[in-house]
A.B. asks: 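Before anything else, here's the structure in question.
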Amino acid sequence: MKIGIVCYPTYGGSGVVATELGLALANNGHQVHFITYKRPPRLNSFHENIFFHEVASMEYPLFEFAPYETSLASKLVDVVKYEDLDLLHVHYAIPHAAVAYMAKQILEAHGKFIPFITTLHGTDISLVGTDASFSPVVEFSINNSDGVTAVSKQLKQMTLDSFNITTDIRVIYNFIDFSRFKKANKDHFKKAIAPDGEKILVHTSNFRKVKRVDDVIYIFKEVLEKIPSKLLLIGDGPERQHLEDLCRKLSLCDHIRFLGKQDAIEELLSVADLFILPSENESFGLAALEAMACEVPVISSNAGGIPEVNIDGKTGYLCEIGDIQGMASRTIELLMDDEKLQQFRKNALARAEEFKIEYILPVYEDYYREILANHAIKAH
Ligand code: GMT
């Protein structure tokens, strides 16, 4: 198949999933065209089946906001037509689903029929999508997608609860590539980070309020009072300055390292004892899955789709959102019981293996074929 992928080329989960999916499709012999405003970070080497089309927004004094949607739709029309694509797969509904709909209409006027699939990732429904400034467009473009997938059962339910949905939504879970995400021997890292054998806690995110990174710091403070430990905060985002200030205020700077955005997350996860994810909202929690693949149990909130990934009392613990005491006690409990921690590490790996890319890729491929077949019937 010749597939066009549209996503945010950022460090966010939706861009990561879109890129990894595109890479896996290309490895399986499909021709994949990424159409985005920047090369996605994980798309960093040459692949004979991968093409990248950069969308340039036009600057003009009249435009206070450059009309990116128009540029993207025009680029889609161009790429679909001249590369003769079979299917478009857009990740994150806003604005990609509406843009794909517009491109599809333009292409139909040119005699080219192409279906598009929209994958819902979370905040396009939960935080942003339901805002009055977006919701009619989101609802319309979901209902007029040729296929719609959601990354968890909870996200599907939330979409059904939030909009008047008249189309089927298929749940296809996020996945993990074990050729990359596996525990490696990084003892030299461990020694550098925790020279006196301290335990290592890790959190990765885009440091937005929804991630509740403050909670990570308060949890760590409780843990540090009982167990010598270090906290690695990986990622960057709008809360970063506030978080650094909080560390200073709590006199924790000697024990917490802000590592910024990192590409080789798996190397850092390889030295971690526990992963902390206290999010307010999380449709799936790809970061937790990446940790689990590296044999790191997860202490998390029970928000959104996290319970579909992290199993309470087996691969980690789940607490109510904002229950800092609960998450701290569970962290301390696991760190103090080495036998249990080792068992949880094994359980985390076994659970992560259920989300192997090798299992999820054929599900997407079958779904693509189903949508193409339905579309062919409709076109006649
Ligand atoms: O978590 C973020 O803030 C990034 C966001 C995105 O859309 O890039 O992530 C969402 O999609 C990920 C991949 O499907 C999910 O694993 C995350 O749970 C989801 N984030 C939220 O729902 C807050």
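Note that the numbering runs from 1 along the sequence shown for the chain. When a ligand or atom number is given, it counts from 1 through the structure's own listing order.
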A.B. asks: Would you check whether Val17 has a nitrogen or oxygen atom less than 3.5 angstrom from a nitrogen or oxygen atom of ligand 1?
C.D. replies: no

A.B. asks: Tell me, please, which residues at least two apart from Lys356 pass side chain to side chain contact (heavy atoms under 4.5 Å, CB included).
C.D. replies: Phe178, Glu353, Glu358, Tyr359

A.B. asks: Quick one: do the His89 and Tyr368 side chains pair a donor with an acceptor below 3.5 Å?
C.D. replies: yes

A.B. asks: Which of the numbered atoms in ligand 1 are under 4.0 angstrom from any heavy atom belonging to Tyr92?
C.D. replies: 7 (O)

A.B. asks: Against heavy atoms of Gly12, which atoms of ligand 1 measure under 4.0 Å?
C.D. replies: 8 (O)

A.B. asks: Determine, using heavy atoms of Ser126 and all atoms of ligand 1, whether some pair is separated by less than 4.0 Å.
C.D. replies: no

A.B. asks: Taking 4.0 Å as the limit for heavy-atom contacts, which would you say applies to Tyr8 with ligand 1: side chain only, backbone only, both, or neither?
C.D. replies: neither

A.B. asks: Closer than 4.0 Å to some heavy atom of Leu286 - which atoms of ligand 1 meet that?
C.D. replies: 16 (O)

A.B. asks: Without hydrogens or angle criteria, can the side chains of Asn174 and His121 be said to hold a donor-acceptor pair below 3.5 Å?
C.D. replies: no

A.B. asks: Under 4.0 Å from a heavy atom of Asn174: which atoms of ligand 1 are those, numbered in the order shown and with their elements?
C.D. replies: 13 (C), 14 (O), 16 (O)

A.B. asks: Quick test of your reading of the structure: of Asn281, Leu277, Leu120, Val309, whose heavy atom lies closest to atom 23 (C) of ligand 1?
C.D. replies: Asn281

A.B. asks: Could you verify whether a donor N or O on one side chain and an acceptor N or O on the other, from Glu308 and Tyr173, lie under 3.5 Å apart?
C.D. replies: yes

A.B. asks: Using a strict 4.0 Å cut-off to heavy atoms of Val151, name the atoms of ligand 1 that fall inside it.
C.D. replies: 14 (O)

A.B. asks: Please report whether ligand 1 has a polar contact with Glu282, defined as an N or O pair separated by less than 3.5 Å (distance criterion only).
C.D. replies: yes

A.B. asks: Could you work out, for atom 9 (O) of ligand 1, the closest of Cys7, Gly13, Ser283 by heavy-atom distance?
C.D. replies: Gly13

A.B. asks: Heavy atoms only, cut-off 4.0 Å: how does Thr10 contact ligand 1, side chain, backbone, both, or neither?
C.D. replies: neither

A.B. asks: Near Glu59 CD, under 6.0 Å, is it more than 12 heavy atoms from other residues, nucleotides or ligands?
C.D. replies: no

A.B. asks: Using the test salt bridge (Lys or Arg N to Asp or Glu O under 4.0 Å), find all partners of Glu370 that sit at least two apart in sequence or belong to another chain.
C.D. replies: Arg170

A.B. asks: Could you verify whether a donor N or O on one side chain and an acceptor N or O on the other, from His33 and His53, lie under 3.5 Å apart?
C.D. replies: yes

A.B. asks: Do any nitrogen or oxygen atoms of Gly15 come within less than 3.5 Å of a nitrogen or oxygen of ligand 1?
C.D. replies: no

A.B. asks: For the side-chain contact (heavy atoms from CB on, under 4.5 Å) test, which of Ile332, Leu224, Leu231, Asp273 pairs with Lys199?
C.D. replies: Asp273

A.B. asks: Looking at Ile176 and Ala352, what are the two nearest heavy atoms and their distance?
C.D. replies: CG2-O, 3.7 Å

A.B. asks: Nearest to atom 1 (O) of ligand 1 by heavy atom, Lys211, His91, Met158: which?
C.D. replies: Lys211

A.B. asks: Could you tell me whether Asn206 approaches ligand 1 through its side chain, its backbone, both or neither, with non-hydrogen atoms closer than 4.0 Å?
C.D. replies: side chain

A.B. asks: Can you see whether Thr149 engages Thr119 through a side-chain donor-acceptor pair at a distance of less than 3.5 angstrom?
C.D. replies: yes

A.B. asks: Any atoms of ligand 1 less than 4.0 Å from a non-hydrogen atom of Gly122? List them with their elements.
C.D. replies: 22 (O)

